2 protein chains.
Amino acid sequence: MNTLEEVNDFVRNGHHEYLAHVSIDPVIFGYHQQQLKILLLKWKGLEGWGLPGGFIKRREPLSQAAYRILQDKTSLSNLFLQQFHIFGDSPYRVRERSAQEFKEKFNLNLDDCNWLLQRTLSIGYFALVDFSKVTVQTDFFTEDYHWWDVREIPTLLFDQNEVVDKALLTLRLQIYHQPIGYNLLPEKFTLPEIHTLYETILGKELDQRNFAKKLIALGLVRKLNEQRSIGAHRSPFLYQFEKENYENALQAGVVHTY
Amino acid sequence: MNTLEEVNDFVRNGHHEYLAHVSIDPVIFGYHQQQLKILLLKWKGLEGWGLPGGFIKRREPLSQAAYRILQDKTSLSNLFLQQFHIFGDSPYRVRERSAQEFKEKFNLNLDDCNWLLQRTLSIGYFALVDFSKVTVQTDFFTEDYHWWDVREIPTLLFDQNEVVDKALLTLRLQIYHQPIGYNLLPEKFTLPEIHTLYETILGKELDQRNFAKKLIALGLVRKLNEQRSIGAHRSPFLYQFEKENYENALQAGVVHTY
DNA sequence: ACAAAAGTGTTAGCGATACACCCATGT
DNA sequence: ACATGGGTGTATCGCTAACACTTTTGT
């Protein structure tokens, strides 16, 4: 959506194409330079940053809508995506909006009963993406984008800080049951990288030796015959996931701690 | 909703009071006679059984809506209720319904664009109730109700078998992190009762001695000076939850196995 | 030579699991 | 007395957790 014409059509006739009252808000996690990050957009006319949300088409399966929205923003097609909560309790999600608000913020004239003014429930999805493969797409509504360290998330629009918090909580709870590393790390990675990733997500220190020991003992990763050069230090070996073992272990929930 | 007049008003004007496109479907678990059961309703005009669902009012917080719907059906106010998934992928949740279908099944005449004909996403909640305290309310749409053993759930309306399956799965996953026993058992219960409850939910045998040992060692239950008479057998002692310890243990996730 | 990060083994303690016999009660 | 379900203790094994020094690399 890039021209003013398209935007006007979306605002006025969007309810013929999309479901009112429900939106999808994806929390996109990426991992880069030892930091867990979230992709946020700066919306035109609105103060502050927000999630790259979107609407569901009238006859589109829900999960397909989530993939479409993700793909539109990141141009990634093969990513991990999971629904984690639906938000409909905060005051922002209960009250309806006014046409005046829209006029002031976007300079768009809306009918009082326009579909965008109605209360919207938000379905939270979280995505795990390989940071290095993402190219962010912007459009008419998007002024800027930025990957934010999860420890430094600014104040977001509406109740979206709550959405992000819940996503992080879910990520932590599921770290032993979902292919977290598989989707956040590049194909080849070093032990210190995956070690720091887990420490970052869990927000606590994990013993270096025990961590490596367990990964290897369970056959979750395979040591490659390559090393990465990291400057004035010993060169770490590269590893790959043993896809089959890894997935079996997750299913069985074998891995409880590191 | 009991008179035909009320029903007609709901069908024709419900969209002024309720949000279209979204419904709440609660899976109500109860435990009785060593069986985990689910409350299902027989809807008038529809073949088969279904969940006791309802709609969200326009300005009603989501979780409040879930409580209201639950309370309307069970007359219970103090119950455990948790959102677990939103369903919007199955063919039933994608396609829209026809006025003709409504005419045939309910003998109600609807406009082609009536709000009840539109696609509806379903928010799944699961509730844990003390079976002995429930009195089920029926209304115009409800022909009958029945508590079904979870191992014998019949074919349900739409995609609701999927909803029930997912609720069961979630219950199993959360058994160590949610006050499962607290809400499904009466205030006073015997060790064999809680033991069988956990076996039933997890669908596997748990060692009797280890189970009791752990419950008591962690101080989750307190032995009372009362016994229950169960006929021609040794009388089991009654126990109560040690509320404080129990909740602390859940929060900390202390209990991993039995 | 030095600074910074990678790599690597052992031990102690705790918790999970496996296992079988006696007791209470009503008929 | 007998049938049925309730109640109880111990020993082994495996996993977790704690812990520090040597190696590599570039400057």
Side-chain angles (χ1 to χ4, degrees), chain A residues 33-35 175-176 181 185 188-200 202-240 245 248-250 252-258, chain B residues 33-35 175-176 181 185 188-200 202-240 245 248-250 252-258:
Chain A
Q33 294 182 334
Q34 318 276 63
Q35 293 177 330
I175 195 168
Y176 302 126
L185 291 170
K188 299 174 180 183
F189 53 88
T190 67
L191 284 187
E193 278 169 352
I194 188 172
H195 177 229
T196 316
L197 170 63
Y198 272 72
E199 286 190 332
T200 306
L202 292 173
K204 67 179 182 190
E205 291 193 1
L206 300 169
D207 185 89
Q208 190 190 146
R209 278 168 290 189
N210 292 337
F211 183 83
K213 207 189 314 173
K214 185 142 189 182
L215 275 186
I216 293 163
L218 290 171
L220 303 183
V221 296
R222 182 178 61 250
K223 192 175 188 169
L224 300 176
N225 233 339
E226 305 170 57
Q227 289 169 278
R228 171 174 297 162
S229 184
I230 54 162
H233 311 292
R234 183 169 180 175
S235 308
F237 279 92
L238 289 170
Y239 286 76
Q240 271 190 339
N245 276 340
N248 290 343
L250 289 170
V254 166
V255 184
H256 289 114
T257 63
Y258 288 97
Chain B
Q33 294 180 334
Q34 320 275 63
Q35 293 176 330
I175 194 168
Y176 302 126
L185 292 171
K188 298 173 180 183
F189 52 88
T190 67
L191 284 187
E193 277 170 355
I194 189 173
H195 178 227
T196 316
L197 170 62
Y198 271 72
E199 286 191 331
T200 306
L202 292 173
K204 66 177 182 192
E205 291 192 2
L206 300 169
D207 184 271
Q208 189 189 145
R209 279 169 290 191
N210 294 336
F211 183 82
K213 205 191 314 174
K214 186 142 189 182
L215 276 185
I216 293 163
L218 291 171
L220 303 183
V221 296
R222 183 177 61 249
K223 191 176 190 169
L224 300 176
N225 232 339
E226 304 170 56
Q227 289 169 276
R228 171 174 297 163
S229 183
I230 54 161
H233 311 292
R234 182 170 180 173
S235 308
F237 278 93
L238 289 171
Y239 287 76
Q240 271 190 338
N245 276 340
N248 290 342
L250 289 171
V254 166
V255 184
H256 289 114
T257 62
Y258 290 96

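Quantities reported herein were computed from a predicted structural model and do not represent experimental measurements. Labels below follow one simple rule: chain letters A, B, ... track the order of the sequence lines, proteins then strands, and each chain is numbered from 1.
Every residue was checked against the salt bridge (Lys or Arg N to Asp or Glu O under 4.0 Å) condition with B:K223, not counting sequence neighbours, and none meets it. In terms of the salt bridge (Lys or Arg N to Asp or Glu O under 4.0 Å) criterion, B:K213 has no residue partners (sequence neighbours excluded). A:Q34 pairs by the side chain to side chain donor-acceptor pair (under 3.5 Å) definition with nothing, not counting sequence neighbours. Residues satisfying the side chain to side chain donor-acceptor pair (under 3.5 Å) test with A:Q35, not counting sequence neighbours, are A:K37, A:D149.
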Using atom names, set out every protein N or O paired with an N or O of nucleotides 20-22 of chain C below 3.5 Å, distance rounded to 0.1 Å.
unit_1 : atom_1 : unit_2 : atom_2 : d
C:dA20 : N1     : B:R209 : NH1    : 3.2

Identify each donor-acceptor pair in which a side-chain atom of residues 228-240 of chain A lies under 3.5 Å from a protein atom, sequence neighbours left out, and give them as a table.
unit_1 : atom_1 : unit_2 : atom_2 : d
A:R228 : NH1    : A:E193 : OE1    : 3.3
A:R228 : NH1    : A:E193 : OE2    : 2.3
A:Q240 : OE1    : A:R222 : NH2    : 2.8

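Residue side chain B:K213 reaches the base of D:dT10 through a donor-acceptor N/O pair under 3.5 Å, judged by distance alone. At a cut-off of 3.5 angstrom, counting only N and O atoms as typed in the model, there is no donor on one side facing an acceptor on the other between the side-chain of A:H233 and the base of D:dT25.
One atom, CZ of B:F189, and another, P of D:dG6, lie 15 Å apart when rounded to the nearest Å. Taking atom NZ on B:K214 and atom P on C:dT17, their separation rounds to 8 Å, with Å as the unit. Nucleotide D:dG26 holds its P atom 15 Å from the CZ atom of A:R228, rounded to whole Å. The CG atom of A:L206 sits 13 Å away from the P atom of D:dT16 (whole-angstrom rounding). Rounded to whole Å, atom C1' of D:dT23 lies 12 Å from atom CD of A:Q227. The interatomic distance linking B:F237 (CZ) with D:dG7 (C1') rounds to 9 Å, in whole Å. At whole-Å resolution of the value, CG in B:L238 and C1' in D:dG6 are 13 Å apart. In this structure, A:D207 places its CG atom 15 Å from P of C:dT10, rounding to the nearest Å.
Between B:I230 and A:E193, the residue anchored closer to the 5' end of DNA chain C is A:E193, taking for each the nucleotide with the nearest heavy atom. Sequence order on DNA chain C of the closest nucleotides to B:S229 and A:A232 puts A:A232 first from the 5' end.
For D:dA17, the OP1/OP2 oxygens have no side-chain nitrogen or oxygen of A:K204 closer than 4.0 Å. The phosphate of D:dT8 (OP1 or OP2) has a side-chain N or O of B:K223 nearer than 4.0 angstrom.
The two residues B:H195 and B:L206 have their closest heavy-atom pair at NE2-O, 2.7 Å.
Residue A:T190 is out of contact with every strand shown, counting any heavy-atom pair closer than 4.0 Å.
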Going through the distances and angles, do A:L191 and A:F211 end up as a side chain to side chain contact (heavy atoms under 4.5 Å, CB included)?
-> CA-CA 9 Å; A:L191 284 187; A:F211 183 83; 5.7 Å; no
